[in-house]
Each structure stands twice: as structure tokens, then as C-alpha cells.
Engineer: 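I am attaching a structure below and will ask some questions about it afterwards.
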Amino acid sequence: MTAAIRIQDLTKSYKDVTAVDRLNLEIREGELFSLLGVNGAGKTTTIKMLSTLVKPTSGEAFIYDWSLSKDADRIKGILDVSMQETAIARKLTVEENIEFYARLSGQTREETEASKKEIYGTFGLDQVRRKQAAKLSGGWQRKLSIALALVSHPKILFLDEPTLGLDVLARRELWKTIEALKGKMTILLTTHYMEEAEALSDRIGIMKDGRLLFTGPKEELFDSTGKESVEDAFIEIVSGGGRHA
Amino acid sequence: MRKSIARIGILTGRNVREILRDPLSLIFTLGLPLALEILFYLIFHELTSQFEMRYLAPGIVVFAQSFLALFVGLLIATDRASSFLTRLYVSQARSFEFIFSYALSILPLILVQSVLFFLVGGIVDTSLFGTGMLLAVPLSLVTSLFFIGTGLLLGTLCNEKSIGGVSSIIISGQSVLSGMWFPVEGIGQGMQTFMKALPFRSATLLIQNAVNGFGDAIRDFLVPLLIVLGYTVAVFVLAVLLFRSRMRSK
């Protein structure tokens with residue numbers, strides 16, 4: 001199967017801290033890969049480097065065959081990202097937000113209309129389409145923020161803690177939406193919710209202090225730790241600190 | 001190039017909507033200066049020439065532009081705080097496209113300001129109408145670039161909470177150092193030189209002189225214009241460099 005993302009010794013260092021330390025990872029096309037880790041593990045920095053927002057200190061990554069260091073403009077054309085914080089134009093309506101992103105990604109008027117219909121269908125946003133984004137509930141704002149990352153029809157989608165701050169019902173609803181995206185695009189998801197990674201992922205990666213300690217499907221995670229839940233296995237690996245894969 | 005222009009248009013459209021849908025921006029950039037223009041004229045114009053409409057209206061036009069620094073800055077700072085800009089950085093838009101779009105989104109409001117304040121000024125005192133006013137309106141677009149550039153710079157440097165306080169320095173600077181509210185002749189020579197070296201006084205003089213006639217082309221037009229343009233270029237260059245650096249360090 002084609003590798004959508006190939007990461008080779010990717011490192012990001014700040015003054016006194018190495019946020020990501022010689023990361024090596026391959027994510028297959030169409031796969032949903034979850035990165036787990038406690039705060040400061042390097043998950044968000046990894047996503048920021050892969051989405052061209054942060055320049056790596058050393059190492060390289062390839063998005064399909066394009067190099068992160070040399071082909072950033074081309075890479076930007078096939079990926080999108082939903083950051084931890086809600087990122088929407090607050091005084092625009094839901095419909096205007098979708099139109100804005102569609103047009104910015106170079107879509108024609110006809111393509112923009114098609115995108116709107118698709119997004120409404122996937123996220124159920126048509127019921128609030130004329131509402132100003134700032135006046136939506138937190139759950140709807142989050143949904144819109146994630147929906148906007150899909151407007152450009154990316155081949156690769158980065159979801160940085162997509163369900164952070166959502167109540168349990170909204171989170172489950174968003175899971176269904178993410179589940180429906182599986183196979184249509186390659187998704188790299190970071191989360192603090194272990195059950196989220198367990199429910200959604202094809203494979204899981206566990207990071208600690210910038211280093212990748214484990215990669216594999218959840219069954220392999222259970223086998224290698226002798227635990228029966230992702231949460232227990234995660235604690236075992238992170239507190240043990242050993243390299244499991 | 002065509003893609004860049006299209007993206008600037010799309011970004012500008014969004015910025016215009018954001019600004020126009022904020023009632024505070026309309027109150028501060030249109031309502032408040034207009035009220036001040038009428039009130040100060042009615043109360044003071046017979047006491048001192050400072051408040052005759054031929055001086056007051058141009059002063060109000062430039063004073064109102066100083067509020068735009070606040071609103072451009074606030075829009076950028078809010079976009080940065082909400083991760084909105086971070087998301088846009090992943091798009092293929094470039095830093096200069098963002099800067100242009102923020103600047104362009106303000107220009108229609110500036111045109112409305114100038115026309116409105118001169119028109120109302122002319123209705124109150126019909127002697128204001130004339131060729132000078134026709135020259136002052138496009139010149140006010142030039143002076144506005146300094147305030148737009150300052151807004152871009154402050155929005156890139158400050159966060160959502162600090163931008164209000166920092167922008168108020170610019171508004172106060174325009175209010176006090178432009179000499180529009182008091183006769184400059186009464187203050188010390190050193191202070192007068194200091195005021196002339198800053199863009200606030202020059203911007204006001206430029207528009208006032210456009211309305212009342214350029215007696216000396218160099219002293220009344222060229223010198224204040226060059227001072228304003230100098231500061232404008234400086235703040236724009238700084239804003240673009242800082243914006244690019246912030247964009248990259250994201």
C-alpha cells in the first residue's frame with residue numbers, strides 16, 4: 001500500500017527543549033493513525049511540522065513523494081488541518097465560512113455549491129447555515145471548525161485533538177463523522193481520549209518527551225503490554241518509558 | 001499572479017464583512033467623529049478659528065482614521081488568537097496577500113469617512129464646498145495608509161487583550177500631537193518641531209492645506225506628504241516583515 005506520509009528522523013528543538021526527537025514513522029494512504037501522548041509529548045509539534053506551519057530543526061518528511069523542506073507549496077495543496085482551538089471566521093455565517101474556505105482553496109462557484117451540500121450532508125450543518133458562527137454553541141463551532149478542514153477535499157487531514165472540550169454526546173457524534181471519513185483520506189489524529197483512539201484508529205502511536213515509543217494496531221498494543229484497554233496499555237508504556245515497537 | 005489577486009479579493013471580502021458586522025467599529029469610526037465634528041463646530045467656531053469647519057472637518061477626517069489602526073489591529077490580533085490565521089497559513093495564500101487584504105478591507109470605510117465628514121461639514125458651513133475638498137478626499141486615502149500600516153503592525157505585535165490599550169496611544173497621539181484641538185502657535189518652539197517630526201501633525205496639515213489651498217507647494221504640500229509617506233513606508237515594511245516572521249514561526 002502507498003505511504004501517504006513518510007517521516008525520517010524528524011526533529012524539532014527549541015532553546016532548551018527537544019519537542020520532537022528523531023521521529024520515524026510511515027502512515028499508509030487511507031489510514032487513520034492516532035498519536036497519543038501526555039501534554040508536551042510532541043504531538044502538536046509533529047502536526048505543525050507536517051502541515052508546514054513549523055520548520056523542522058533536522059530530518060525530513062515526505063507527503064507522498066513531495067519533500068516537506070522543498071515542496072511546501074505543493075504539499076499545502078493536498079492537506080488541511082483542524083487545530084486544537086476552534087478556527088472559524090466568527091462574524092461570518094456558517095454558509096459564508098464554508099464559501100470562504102472553498103473559494104480560498106480555488107474552487108469555482110459550482111464546485112463551492114457542491115462542497116456546501118457535501119459538508120451540510122456530512123456534518124448536519126444545514127440547520128444552522130444562516131447563523132453567525134460566533135452565536136453557535138461550542139459543539140457546533142467545533143463541528144464547523146473541523147468541517148472547514150474538509151472543504152478543500154484534502155488527501156491528508158490532520159486533526160489535533162478534535163473533540164477537546166466537547167460534551168460526551170457531541171464527542172460521540174463527531175466520532176461518527178470521523179469514522180465516515182475513514183478510507184476516503186489519510187487522517188492523522190492526536191487525542192488525549194484513549195477510548196477515542198481505540199474506537200477510531202487503524203493504528204496507534206504513543207509519544208513521550210518527543211520520542212515515539214510504540215506504533216501498531218491496538219491488538220498489538222494489548223499483546224505487547226499484556227493489558228486489555230488502550231488506557232492501561234498507554235499508562236504501561238508511558239510510565240515504563242521503554243521502547244515497545 | 002491571477003491566483004494571488006483572486007485570493008486577496010476573497011480574503012478582503014471576508015475582512016470587510018467582519019469589520020462591518022462589528023457595530024463598535026462603525027460607532028467609533030463614523031458615529032463618534034461625526035458627533036464631535038458637529039458639536040465642536042457649534043460650541044467653539046465663533047470663539048477660535050481652530051474650530052471653523054475648514055480646519056475642523058479635515059482634522060476630524062484624520063482623527064477618525066486613527067481609530068482604524070485600532071480596528072485593523074484588533075481584527076488581526078483576534079484572527080491570531082483564535083487560530084484562524086494558523087489555519088489560513090496552511091492554505092496557499094502568502095504573507096503579502098494577507099497584509100494586502102487587511103489593508104484593502106479598510107479603504108472603503110476610509111472613503112465613506114472622508115466623504116461623510118466633508119459632506120456634513122459642507123452642509124453645516126457651505127464655504128467648505130470647493131475644489132479643495134475634491135483634492136482632500138483622495139489625499140485622505142494617502143494619510144490613511146499610515147494608520148492602516150500602524151494597525152497591521154500593532155495587530156501583528158499585540159494580542160487581543162493588549163491591542164486596545166496600545167492602539168489608544170496612536171489615537172491619543174493623533175488627538176494631542178496633531179494640533180487639531182488647540183492653537184499650535186501658543187506652544188513652545190521645541191514642541192512644535194517635535195510635532196512636525198511625527199506623522200500626526202503632518203497628516204492633519206496636509207488635509208487642512210488641501211482644503212484651504214497650498215500657499216507654498218514645498219512647505220504646505222511636499223514636506224508634510226513626505227513625512228507621512230516616510231512613516232507609512234516604515235510601518236508597512238515592519239508590519240510585513242513581522243507578519244512573515246510570525247507566519248513562519250507558527
Engineer: Using side-chain hydrogen bond (donor to acceptor under 3.5 Å, both in side chains) as the criterion, list what pairs up with A/Thr191, not counting sequence neighbours.
Structural biologist: A/Glu196

Engineer: Between the main-chain N or O of B/Asn159 and the side-chain N or O of B/Arg80, is there a donor-acceptor pair closer than 3.5 Å?
Structural biologist: no

Engineer: List for me each residue that meets side-chain contact (heavy atoms from CB on, under 4.5 Å) alongside A/Ser137, sequence neighbours excluded, and say none if there are none.
Structural biologist: A/Trp140

Engineer: Establish, for the pair A/Lys116 and A/Tyr120, whether the NZ or CZ atom is under 6.0 angstrom from the six-membered ring centre and no further than 45 degrees off its axis.
Structural biologist: no

Engineer: Between A/Ala72 and chain B, which part of the residue has a heavy atom less than 4.5 Å away: side chain, backbone, both or neither?
Structural biologist: neither

Engineer: Quick one: do the A/Glu85 and B/Ser83 side chains pair a donor with an acceptor below 3.5 Å?
Structural biologist: yes

Engineer: Against chain B, label A/Ile75 side chain, backbone, both or neither, depending on which of its atoms sit under 4.5 Å from a heavy atom there.
Structural biologist: neither

Engineer: Answer yes if the side chains of B/Gln65 and B/Ser114 hold a donor-acceptor pair under 3.5 Å, and no otherwise.
Structural biologist: no

Engineer: Heavy-atom pairs under 4.5 Å with chain B - which of A/Gln132, A/Arg103, A/Glu99 has more of them than the others?
Structural biologist: A/Arg103

Engineer: Between A/Asp80, A/Leu79, A/Leu92, A/Asn97, who has the most heavy-atom pairs with chain B when the cutoff is under 4.5 Å?
Structural biologist: A/Leu92

Engineer: Only pairs of heavy atoms separated by less than 4.5 Å count here; which of B/Arg87, B/Arg14, B/Arg17 has the most with chain A?
Structural biologist: B/Arg87

Engineer: By a 4.5 Å heavy-atom criterion (distance strictly below it), what part of B/Asp79 contacts chain A: side chain, backbone, both, or neither?
Structural biologist: neither

Engineer: Considering only heavy atoms, which portion of A/Ser145 lies under 4.5 Å from any heavy atom of chain B: side chain, backbone, both, or neither?
Structural biologist: both

Engineer: Does any backbone or side-chain atom of B/Leu11 lie under 4.5 Å from a heavy atom of chain A? Answer side chain, backbone, both or neither.
Structural biologist: both

Engineer: Give a yes or no on this: more than 12 heavy atoms of other residues, nucleotides or ligands lie within 6.0 Å of atom NZ of A/Lys131.
Structural biologist: no

Engineer: Of the backbone (N, CA, C, O) and the side chain (C-beta and beyond), which part of A/Thr86 lies under 4.5 Å from a heavy atom of chain B, both, or neither?
Structural biologist: backbone

